[in-house]
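Values in this document were obtained by computation on a predicted structure and should not be read as measured data. Starting from 1, each residue takes its place in the sequence as its number. Counting convention: from 1, in listed order, for ligands and their atoms alike.
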Amino acid sequence: MARRSGDTIEAIKARLNIVDIVRRYVDLRQVGDRWAGVCPFHQETKPSLSVHPEKGFFYCFGCQASGDLFDFYCMINGLEFRQALEELAREAGVTLNDRPDPQAAQRQQERRACLEMHSLAQSFFQRQLESAEARQAREYLEARGVDETMQDYFGLGYAPEQWQALCGHLQQSGYSPQKGVTAGLLSQNKKGRIYDRFRGRVTFPIHDLGGKVIAFGGRVIGEGEPKYLNSSDSPIYKKGAHLYGLYQARQAVTQSKEVLLTEGYADVIALVRYGFTNACGVLGTALTEEQVRRLAGLARRVTLVYDGDRAGRQAASRSAEMLLRQGVQCRVVSLPDGEDVDSLLQGQGAAGFQRYVREAEEGLSFCLRVLRESGVAREILRWATEFLNGLHDSTWQAYFLPRVAAGLELSETELRRAVDGNREAKTSGGAQQRGQRLERTSPGQRDRELLHFAISFPAYTKRLDVLGLDHALATERGRQLWRKIQAFSREELLLHLDEGEKRFYIQSELDPIPAERERLVWEGIEQFLHRTRQDEKLHEMRTALKKAQEAGDAEEMDRLLQAYTDMLGGLNE
Ligand SMILES: [Zn+2]
């Protein structure tokens, strides 16, 4: 598993302190040479999360979540390792040199310049909001109850109604207009003329989770189209990858495990103004998978707040579907017709809004209702099969299928048939993904797949044994069959199998895994067995650790924690 390149990792760790990173999400208190706080990965109020800056790792005595800076960042943001590495490297100003890449240094420099330009733009816009020209903008904000405290909290600003204001400001700091275009702050027309992208607009900075401004949204004051305008994609900002207000909301979200997800800037600010500090917004696109992963890392449940009109219902239903597919619980608050978040809060206050939240409809039943109201029969069946086959973990079908069938008044058998017919054999992806797929498969099904392989390719018997298939099989019946396969020759074997085993064995022989898939399937199994063995060892260590903690044996705890992190480190190499 060559997922890390040592030097880069060490360089990042040398520059970023794990305590500083964890603190962004969790209140930490110093206890001796470690820090303690409430664990964001399971629900409780005791400070069971322990962060050790010297050793550079964290450990939770409640849920056993543990690891280093990268593990924490991946888990809390729902990122793959590679993404976390890139983000943290960027933050630390470390160049990723795991692949020889002559352009990497240049890209790194470009990103740094973009961040610097955004920081310049942010203070420029904030200063402009104080200017005489921004009177209308200030009135606009105040009329919506966005007072100075809120303006500061979200870093709101004003882009003057001029073509060259920011452009000139950036040039004074040595940034050419062309660089401003790359950063997404300036625009260029067909004739090559470069001008301010945001003009006569209130500006809403978009932050990354480290608190750096990476893009802007702008709301036009008075007439003008479009009403809202966002930065274009740049080396530091990709549409659909971020959520508005998540930086400000992150602590409230990790503590409550709940997030209020709404459509726009104004909604987020209104919610926070009324005390719903765990609100964030999707930034003008449909909710993306990347955004869902970010939310899933922080929250256990997402409450969608959308307008009650047809367009709002459709958008909410798409978002709910996306969340459910990724295994995130969600529910939907439908606002009454003609109301938006702001007007509802102004009219009925926080308590009034809270009532709507309490009456929120569970995500799946909301999706099914919207579908029933708007869909034709064929449409409904298509949605159902795609939804069920799109589930991140195919074992969830057992949970969702009967509910979808009931909600759409379809027979379960019929729906099951449609789903099976529509599924494509999932043989693509790398060995690691195939290994992970095995992990996610239900234990009984997995045992059958592992044994099917063993029977299809007897040449692997020895290797499967060495890699510990016996331990990896989850069912007693599976282990029993495996022991018999090892103990007897093909000729003797059938005499020793019971009826069920015999049926399975013969079926597997008659319908073996095709030879052309041998390598693919084997790689997945190898990965899976490898992981299972490591998990077992880690589990043993955690048990010992827990015992040491209960016994108050500080020395033993220290020794075990050290061994534990060494082992985690080894896993990652
Ligand atoms: Zn925990």
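- Closest heavy-atom contact between Leu345 and Phe276: CD2-CE1, 4.1 Å.
- For residues 23-38, the pairs satisfying side chain to side chain donor-acceptor pair (under 3.5 Å) are Arg24-Glu91, Tyr25-Asn77, Arg34-Ser50, with sequence neighbours left out.
- Rounding to the nearest 0.5 Å gives a distance of 6.0 Å between CG of Leu467 and CD of Glu526.
- Protein N/O/S atoms closer than 2.8 Å to the Zn ion (ligand 1): Cys39 SG, His42 ND1, Cys60 SG, Cys63 SG.
- Taking the salt bridge (charged side-chain N to carboxylate O under 4.0 Å, His left out) definition, one finds that Lys239 meets it with nothing, sequence neighbours left out.
- Qualifying salt bridge (charged side-chain N to carboxylate O under 4.0 Å, His left out) partners for Arg293, counting only residues two or more places apart in sequence or in other chains: Glu289.
- Ring-centre distance between Phe81 and Phe70: below the 6.0 Å cut-off.
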